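Here's the structure we're looking at; comments come further down.
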Amino acid sequence: MLPTPLRSAPPGFDEASAALTALDELLLGGLGRLADAQKDTLRALARAFEGSPLGPLVSESVNAACSGPPQEAAMVGLAAAREAMQGARADALAAQLDALLGRPAQEVPATTAVDLPAEAHGLLSNARQWLVELGLAGLGQIEPGAVTAFDASLGELQLISPAVLRPATLLTGFHQELLTKLPLAALTDAPRARWADLWSRALLACLPKQSRPSLQAVDGAKLSVFMIEPQHHRNMVSAVLWGVLDHGSKREVVRATLSGWRVDALAGEESWWAVMRGYETALRETADRRTLVVSGSIATTGDLVLTKVAPGQPFDAAQVAAAAMALKSWPQAAPTDRHPVQLAAPLFVEGAPTRVEGVLSVAVGDGHLPITFDRMSPLQGLDAVTVAKSDRLWGLVRWDGGSWSFQPLAAQAKGAKAPSGPWEDLASAAKTKSSTLANLNERAGKLLRKKS
Amino acid sequence: MSDSLARRSVIAAPRPSPKGRKVKDVPFVELRGKRIQGIISSGSDIERVYCAFYEAGTGNFYCSTNNNRRCGGLGGGGCKHIVEMVGEAVKVFGADGLAAALGLDASVTGNARSLMAAARGSETKEPASEVFARFLNDLRYTEMPCSNQPIPELSWFISG
């Protein structure tokens, strides 16, 4: 049984979920030709937002969508409504998590308005137009030709500025996924909640004005990375480093994200090379479980931006993780990023996992959380057997598809000298050269430069 | 994952790592629409690559150099480059993954011969430029700058 605080849906949660499902149904079939019943669904959505800050925008967008094929502004309004509902669900779930972990709610992270660079505006507008066309056609009935039409713009967007890395990363993953999955045999084959999420997030991420968490400088702080979460799609790999940061008198749980673009042939543990080529010191020292002396900045969300890294001292990942559990400051999503998918509470569990109703689970509070392998990256350096035989687990509490789970990031069996996780693959990537990259660079040298 | 859960989940299923990929021989392979397409290194000339595709449904295929010279080995059953390309596609996407994407049965997507026997198509000339451009686009990723910024959007992908 789940721990008490997670056992039932928070108030209003099921209603928000139902409203989302109804909107996703419309997105699946397309906003270009709405039946009367579908227009009623949209009008109900507008009523639900009455009196809220988004109320006027949603009502205007709904009116536009009900009186003809909606244009970009109306689609942005509907995407904003969708994200607001996801944000509300995330808030309610986050409160349950705080209750579970016995920690006080944190302050909402302060943000700054940021203008994306002017030279990217044209390409961002192209991207929004592409998304508008997908929305009109319906996410369940996109023609492959409509996807390939975006190839050239996307290629340029990836190169134009690091300031648009977030939309470029998301669009690349979504575009690639559509190419591989289309054409669908049936409308219902679309992963509807997922594609609706990717579509609405992409539309909003491509607006020229964005809100970003405010930053504060960090100089010569000590970072002890106690677990590593690989996040990746076909063309981008991130190492999300979860650690304890000591700076001045402050001690907090932070995460630092180091990423690199990945050529598709770079697979398995070789994928680390995509990141290693930019951050060799940080990853090598992390792999050896040594602290890092870091400079850069820390965001109000608890995201650490590393600009300078020097080697530090060896430390014990279990001791640091255990100490991290007692800290009062930990990473959370920025206000405009709030979404259940962003919930990730670090959890360190001493004790072997047990089977509860046949499902491998960890004990938390007065209950158990099922262990999920749905998010297990091939870069995690872990498998189900290692997790089952462990008696110490590092990981994240997650929520997806209507349920809570524990995502393991490292595991240690009794008597083992060191935990199993991505450390070993990272260490070997730091020691060797990638033959795949060497081969591709040779191919690129022969073909790429010759052509241009 | 049950079907209804799969539809509510916002997480993509993890993609297993391909085993024993021969990147030097087939530096690029992808699924696009109902096609497998890729780049195959020439066995004899280091400066040359072949661009090939196989299309499920029609069964059509083609193979030429990046300069649009038809592959001399092409016949009714394709050529050795197409065989190599399909072999690597099986490693990358798995026979099941290919079957799902191509709308075929997994019993035929395990290798080029059974795949090409499933639908008898014919040699269909197409310019090599499209596949070649896709390959060059992919190669750029080895040279694009790394980043130290948070990317919350990757939370939807995690292990794809």
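Keep in mind that this is a model prediction, so the values were computed, not measured.
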Pick one of side chain, backbone, both or neither for [X], based on which atoms fall under 4.5 Å of a heavy atom in chain A.
| X | value |
| --- | --- |
| B:V29 | backbone |
| B:E30 | both |
| B:P27 | both |
| B:F28 | neither |
| B:I46 | both |

[Y] versus [X], side-chain donor and acceptor atoms under 3.5 Å:
| X | Y | value |
| --- | --- | --- |
| B:E153 | A:T169 | no |
| B:S9 | A:R194 | no |
| A:Q158 | B:R140 | yes |

Tell me, side chain or backbone of [X] under 4.5 Å from chain B's heavy atoms, or both, or neither?
| X | answer |
| --- | --- |
| A:E177 | side chain |
| A:P162 | neither |
| A:T172 | side chain |
| A:E442 | side chain |
| A:D189 | neither |

Quiz item: For A:L306, does its backbone N or O pair with a side-chain atom of B:N148 as donor and acceptor, under 3.5 Å?
Solution: yes
Quiz item: Can any side-chain N or O of B:Y141 pair as donor or acceptor with the backbone N or O of A:M236 at less than 3.5 Å?
Solution: no
Quiz item: Is it true that B:R134 and A:D264 make a salt bridge, defined as a side-chain N closer than 4.0 Å to a carboxylate O?
Solution: no
List the atom pairs, donor and acceptor, that lie under 3.5 Å between side-chain atoms in residues 71-84 of chain B and the rest of the protein, sequence neighbours left out.
none

Choice from [options] maximising heavy atom contacts with chain A below 4.5 Å:
| options | value |
| --- | --- |
| B:P152, B:A101, B:P145 | B:P152 |
| B:V49, B:T142, B:N66, B:I39 | B:T142 |
| B:V23, B:V92, B:L154 | B:L154 |
| B:S147, B:A100, B:P16 | B:S147 |
| B:K24, B:E88, B:K34, B:K19 | B:K24 |

For [X] versus [Y], what's the shortest heavy-atom pair and its separation?
| X | Y | result |
| --- | --- | --- |
| A:L159 | B:M144 | CD2-CG, 3.5 Å |
| B:C146 | A:V275 | SG-O, 4.2 Å |
| A:A265 | B:R21 | CB-NH2, 3.9 Å |
| A:G402 | B:R8 | CA-NH2, 3.6 Å |

Specify which of [options] makes the most heavy-atom pairs with chain B at under 4.5 Å.
| options | result |
| --- | --- |
| A:H339, A:Q380, A:M376, A:R375 | A:R375 |
| A:D151, A:L178, A:V237 | A:D151 |
| A:V147, A:L266, A:L440, A:T21 | A:L440 |
| A:A438, A:P183, A:P230 | A:P183 |
| A:A274, A:S377, A:P167 | A:S377 |
| A:Q407, A:R201, A:R255, A:K181 | A:R201 |

What's the spacing between [X] [atom1] and [Y] [atom2] if we round to 0.5 Å?
| X | Y | atom1 | atom2 | result |
| --- | --- | --- | --- | --- |
| B:R35 | A:L179 | CZ | CG | 12.5 Å |
| A:D197 | B:I11 | CG | CD1 | 9.0 Å |
| A:R443 | B:D138 | CZ | CG | 14.0 Å |
| B:N137 | A:N235 | CG | CG | 8.0 Å |

Self-check item: Test applied, side-chain contact (heavy atoms from CB on, under 4.5 Å); reference residue, B:R32; option that passes from A:T148, A:T180, A:L182
Solution: A:T148
Quiz item: Taking C-beta and beyond as the side chain, do A:L379 and B:S17 meet within less than 4.5 Å on heavy atoms?
Solution: no
Quiz item: Does A:Q231 reach the side chain of B:S155, with side-chain heavy atoms less than 4.5 Å apart?
Solution: yes
Quiz item: Taking atom CZ of B:R120 as the centre, does the number of heavy atoms from other residues, nucleotides or ligands within less than 6.0 Å exceed 12?
Solution: no
Quiz item: Hey, what's the ring geometry for B:F157 with A:H233, parallel, tilted or perpendicular (30° and 60° as the breaks)?
Solution: perpendicular
